[in-house]
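Remarks on the structure that follows.
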Amino acid sequence: MREHLYRGKAINRDPNRTYRTEYKNGDWVFGLLSKLDKYGAEMTNEDGVTRIDVDPETICEFTGFKDKFGKKIFEDDIVKVVTPRQHAVGIVKVGIGEIDGDGYKFIGVYGEIDGKRGEMVARSDENYEVISNIYDTPELLSKGD
C-alpha cells in the first residue's frame with residue numbers, strides 16, 4: 001500500500017507573528033492534506049502540527065516512488081529518466097501509472113523525450129533522478145520552447 005503523503009508551499013505566514021512551526025511563506029510543508037475547498041487548503045505536517053495554510057495550486061501527491069538517490073518523487077517534480085531506449089526530462093504526473101502483469105509499477109512523465117515533446121510511461125525500476133519541481137524552477141522546462 002502506498003504511503004499517503006503530500007506537499008504544498010506555506011502561505012499567509014506573517015513574519016511578526018509566532019507560530020507552532022518555523023515555516024516561512026514559500027517553504028515546503030510535507031504531511032497530510034487536511035482541508036481543500038474553495039476557501040483554501042491546510043495541511044498537517046509530519047510532526048502532527050495542524051492548520052498550516054498552504055497554496056492550493058502547489059499541492060502535490062507522493063507517487064510512492066523514490067529516485068535513484070532515495071529522494072521521494074512527487075507529482076509535478078521535474079525528473080530526468082534514462083532508459084536503454086530513451087532519455088527524458090519531464091514533469092511527473094500521478095494517475096498515468098498502472099501495474100502490469102509482471103508487477104512493475106509505472107509513472108507518467110510528460111516533457112522533452114529525445115528532443116521532442118511527448119508523454120512517456122516509465123517503469124519504476126528505471127533510472128529516475130529528481131532535479132527540481134515546476135514551482136521552484138519552471139525555467140528548466142521552458143528551454144527549447
Side-chain angles (χ1 to χ4, degrees), residues 1-83 86 88-113 116-145:
M1 182 166 152
R2 179 167 54 154
E3 175 184 3
H4 290 282
L5 180 66
Y6 295 85
R7 72 174 181 208
K9 285 194 172 243
I11 59 172
N12 301 326
R13 306 295 284 187
D14 183 344
N16 300 318
R17 184 173 164 210
T18 302
Y19 293 95
R20 295 175 289 162
T21 66
E22 298 294 321
Y23 297 112
K24 296 175 190 68
N25 285 320
D27 285 351
W28 284 108
V29 178
F30 293 85
L32 295 176
L33 187 59
S34 49
K35 174 187 159 192
L36 179 61
D37 59 26
K38 65 181 180 179
Y39 302 108
E42 292 178 354
M43 290 184 64
T44 300
N45 74 7
E46 293 175 298
D47 294 327
V49 178
T50 61
R51 301 187 65 188
I52 302 168
D53 288 326
V54 294
D55 180 351
E57 298 295 317
T58 65
I59 295 170
C60 305
E61 184 179 359
F62 174 49
T63 64
F65 298 117
K66 293 181 180 177
D67 75 0
K68 65 183 181 180
F69 299 109
K71 184 174 183 176
K72 291 180 178 179
I73 302 174
F74 285 82
E75 179 180 29
D76 292 339
D77 274 344
I78 299 172
V79 294
K80 182 170 32 172
V81 183
V82 178
T83 72
Q86 48 192 340
V89 173
I91 304 168
V92 173
K93 293 295 175 191
V94 172
I96 298 174
E98 304 173 6
I99 298 178
D100 76 356
D102 295 333
Y104 286 104
K105 296 179 183 177
F106 293 75
I107 62 173
V109 177
Y110 181 83
E112 284 289 323
I113 302 166
K116 299 177 190 151
R117 307 266 321 138
E119 183 177 294
M120 172 180 140
V121 179
R123 283 172 41 157
S124 61
D125 63 347
E126 305 285 6
N127 252 340
Y128 294 102
E129 179 182 350
V130 175
I131 56 177
S132 190
N133 62 71
I134 65 171
Y135 306 103
D136 292 335
T137 53
E139 64 275 6
L140 286 177
L141 294 174
S142 62
K143 65 178 185 173
D145 282 346

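For clarity, every value in this text was computed on a predicted model and none was experimentally measured.
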Exercise. Drop me the distance from His4's NE2 to Glu61's CD, to the nearest 0.5 angstrom.
Key: 7.5 Å

Quiz item: In Å and rounded to the nearest 0.5 Å, what is the CD to CD1 distance from Glu139 to Ile134?
Solution: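 One finds 12.0 Å between CD of Glu139 and CD1 of Ile134.
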
Looking at [X] and [Y], what are the two nearest heavy atoms and their distance?
X: Tyr6; Y: Phe74; result: C-CE2, 3.9 Å
X: Thr63; Y: Glu75; result: CG2-N, 4.1 Å
X: Glu42; Y: Leu33; result: O-CD1, 3.6 Å
X: Leu36; Y: Pro56; result: CD1-CB, 3.9 Å
X: Ala10; Y: Tyr23; result: CB-CB, 4.1 Å

Within a strict 4.5 Å, meaning less than it, do heavy atoms of the [X] and [Y] side chains meet?
X: Val130; Y: Phe69; result: no
X: Met43; Y: Asn45; result: no
X: Glu46; Y: Leu5; result: yes
X: Val54; Y: Ile59; result: yes
X: Thr21; Y: Arg13; result: yes

Quiz item: Looking at Asp77, Asp76, Asp136, which hits salt bridge (Lys or Arg N to Asp or Glu O under 4.0 Å) with Arg7?
Solution: Asp77

Quiz prompt | Ring geometry between Tyr135 and Trp28 (parallel below 30°, tilted from 30 to 60°, perpendicular above 60°) | solution =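 Correct class here is perpendicular.
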
Quiz prompt | Expected output: side-chain Thr44 to main-chain Ser34 donor-acceptor under 3.5 Å | solution = no

Quiz prompt | Asn25 side chain vs Asn12 backbone, donor-acceptor pair below 3.5 Å | solution = yes

Quiz item: More than 12 non-hydrogen atoms from neighbouring residues, nucleotides or ligands closer than 6.0 Å to NZ on Lys9, yes or no?
Solution: yes

